[in-house]
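Atoms within a ligand are numbered from 1 in the order they appear, just like the ligands themselves. Below, all heavy atoms of this structure are taken into account, side chains as well, without hydrogens, waters or symmetry copies.
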Amino acid sequence: MNGFYFHNPTKVYFGEGVVSKLGKELEAYGKNILMTYGGGSIKKNGIYDKVTDILKGAGKNVFELPGVMPNPRTEKVYEGIKICKEQAIDFILAIGGGSVIDCSKLIAAGARTDRDFWESFLIKKEKASDAVPLGSILTLAGTGSEMDCLAVITKWDAQIKTSWGSPLVQPKFAFLDPTYTYSLPKNQMVNGAVDTLSHLFEQYFSRPDTNNVSDDLAEALMKNVIQNLPLAVKNPEDYNARSNLMWDSTLALNTLVGLGKEQDWITHKIEHSLSAFYDVAHGAGLAVVHPNYMLYTYKGGLSKYVQYAKNVWGISSEGKTEDETALAGIRATRDFFKSVGAPSTLQELGIPESSIDAISENVQRYKTSYSDLTVADVKEILRLCLQS
Ligand code: NZQ
Ligand code: ZN
């Protein structure tokens with residue numbers, strides 16, 4: 001196992017009704033709270049009313065930034081920064097999925113600098129020097145943003161979707177109530193679970209491949225998602241299945257399973273390019289790309305793919321070559337995605353073949369443990385995504 005540094009300071013409150021602890025948790029922060037949320041789901045499912053009651057009861061002045069869109073865009077960050085500066089915001093409370101939390105992280109850092117957040121953080125990759133503290137109430141399990149320091153943002157007119165991170169924007173706390181995810185449309189729930197699996201793949205399929213506990217943890221989490229997602233598809237109010245999916249998603253990206261590993265993340269880079277051109281849901285893009293990335297690169301990590309097929313999918317290697325076993329594991333992955341209703345082709349995402357060149361040229365590439373893709377390779381992977 002490679003050496004590593006581990007520090008994850010986010011406090012997690014997990015379980016039904018945990019939001020009752022919010023008022024106490026906020027005692028440590030100032031009076032002016034900016035509540036950020038999306039397009040209205042929290043008003044429909046009652047979370048908005050519950051939280052605003054708690055904030056009022058705690059004597060907070062509440063300001064709001066509604067309308068954070070999926071695949072959040074730079075305009076929304078500027079809007080939030082303006083509110084923070086004008087209203088002397090002391091704390092940002094993000095209520096939603098990855099989009100709301102990511103947007104809030106960039107607002108938090110952008111509000112405490114005179115620099116332009118896009119130019120400074122995303123283009124020049126400069127560090128933040130300060131940030132408004134923030135916390136989250138999660139309503140969609142998948143991205144892991146509630147317990148990591150990363151933020152993904154899109155500059156739509158430039159067709160760039162990119163990420164940035166800072167320990168200063170790591171959420172102070174995350175409230176994880178599995179019942180808050182009951183109201184998710186099925187496709188959003190599936191997208192989140194695919195994202196969880198994709199995060200695990202990005203870390204697991206990388207060196208070192210010697211026996212290590214990070215990979216064992218990743219396999220356990222993969223199996224748990226594979227077991228619980230169909231249960232939640234069948235019964236969206238299966239508390240146990242929702243609980244597992246929620247905690248799986250947090251554990252998949254709170255850096256734990258990547259410790260001591262090189263990690264990959266090229267599939268994420270390809271997906272970000274799809275979203276930058278076609279605004280596709282992150283998990284849906286991953287469902288299409290990840291099995292095909294595996295198919296294209298598995299020979300670079302053949303023994304690991306054999307291990308994956310055997311340990312995660314229970315595929316026997318008896319009478320099979322290593323290639324056949326590895327391919328059976330990849331097929332099982334794609335079949336699983338299809339079985340829960342995830343898309344498997346670019347056509348299903350509304351992405352035409354004619355856009356493959358532009359999307360591929362836009363992908364940020366680098367050498368990983370198992371791959372060293374050229375633009376031509378990315379094009380080939382995306383062409384594989386045309387076949388169901
Ligand atoms: O906007 P509202 O009305 O709230 O509806 C949202 C949105 O339309 C809806 N939703 C969320 N919770 C709901 C609900 N609807 C009903 N009931 C609920 N309980 O779901 C839709 C999608 O939400 P969004 O936040 O966009 O989804 P997700 O959590 O998948 O976030 C995706 C974003 O996170 C980035 C992605 O690239 C994308 O921009 N990522 C962030 C990462 C990170 N910070 O570490 C890592 C990931 O790999 C990912 O790149
Ligand atoms: Zn992801």
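- Of the heavy atoms in Lys44, none comes closer than 4.0 Å to ligand 1.
- We find that Lys11 and Glu25 are joined by a salt bridge, their nearest charged nitrogen and carboxylate oxygen being less than 4.0 Å apart.
- Distance check for atom 6 (C) of ligand 1: every protein heavy atom is found at 4.0 Å or beyond.
- For the residues Asp102, Ile153, Thr196, the heavy atom positioned nearest atom 41 (C) of ligand 1 is part of Asp102.
- Under the side chain to side chain contact (heavy atoms under 4.5 Å, CB included) rule, Lys105 has a single partner from Val132, Asp148, Ile92, which is Asp148.
- We find that Arg73 and Asp279 are joined by a salt bridge, their nearest charged nitrogen and carboxylate oxygen being less than 4.0 Å apart.
- Some N or O of Gly98 is nearer than 3.5 Å to an N or O of ligand 1, by distance alone.
- For ligand 1, the polar-atom distance check against Gly39 finds a nitrogen or oxygen pair separated by under 3.5 Å.
- The pair Glu119-Lys124 fails the salt-bridge criterion, with no side-chain N (NZ, NE, NH1 or NH2) lying under 4.0 Å from an Asp/Glu carboxylate O.
- Less than 4.0 angstrom separates some heavy atom of Lys161 from each of these atoms of ligand 1: 36 (C), 37 (O), 38 (C), 39 (O).
- Checking Leu150, Ile95, Thr143, Asp148 against atom 45 (O) of ligand 1, the nearest heavy atom belongs to Asp148.
- Although no hydrogens or angles enter the test, the distance criterion places a donor-acceptor pair under 3.5 Å between the side chain of Asn8 and the main chain of Met147.
- Using 4.0 Å as the threshold, Pro185 has a heavy atom nearer than that to some atom of ligand 1.
- Across Gly192, Gly38, Ala281, Ser41, heavy-atom proximity to atom 3 (O) of ligand 1 is greatest for Ser41.
- With respect to atom 32 (C) of ligand 1, the closest heavy atom belonging to the protein is Ser99 OG, 3.6 Å.
- In terms of polar-atom proximity, Ser183 is counted as a contact of ligand 1, with an N or O under 3.5 Å from an N or O of the ligand.
- For ligand 1, the polar-atom distance check against Glu271 finds no nitrogen or oxygen pair separated by under 3.5 Å.
- A donor and an acceptor atom, one from each side chain of Asp377 and Thr374, are located under 3.5 Å apart.
- Counting only distances under 2.8 Å, and ignoring water, the protein N, O or S atoms around the Zn ion (ligand 2) are Asp195 OD1, His199 NE2, His268 NE2, His282 NE2.
- Within the 4.0 Å heavy-atom shell around ligand 1 one does not find Gly144.
- For NZ of Lys82, the number of neighbouring non-hydrogen atoms (other residues, nucleotides, ligands) closer than 6.0 Å is 12 at most.
- Within ligand 1, the atoms closer than 4.0 Å to a non-hydrogen atom of Leu253 are 45 (O), 46 (C), numbered from 1 in the order shown.
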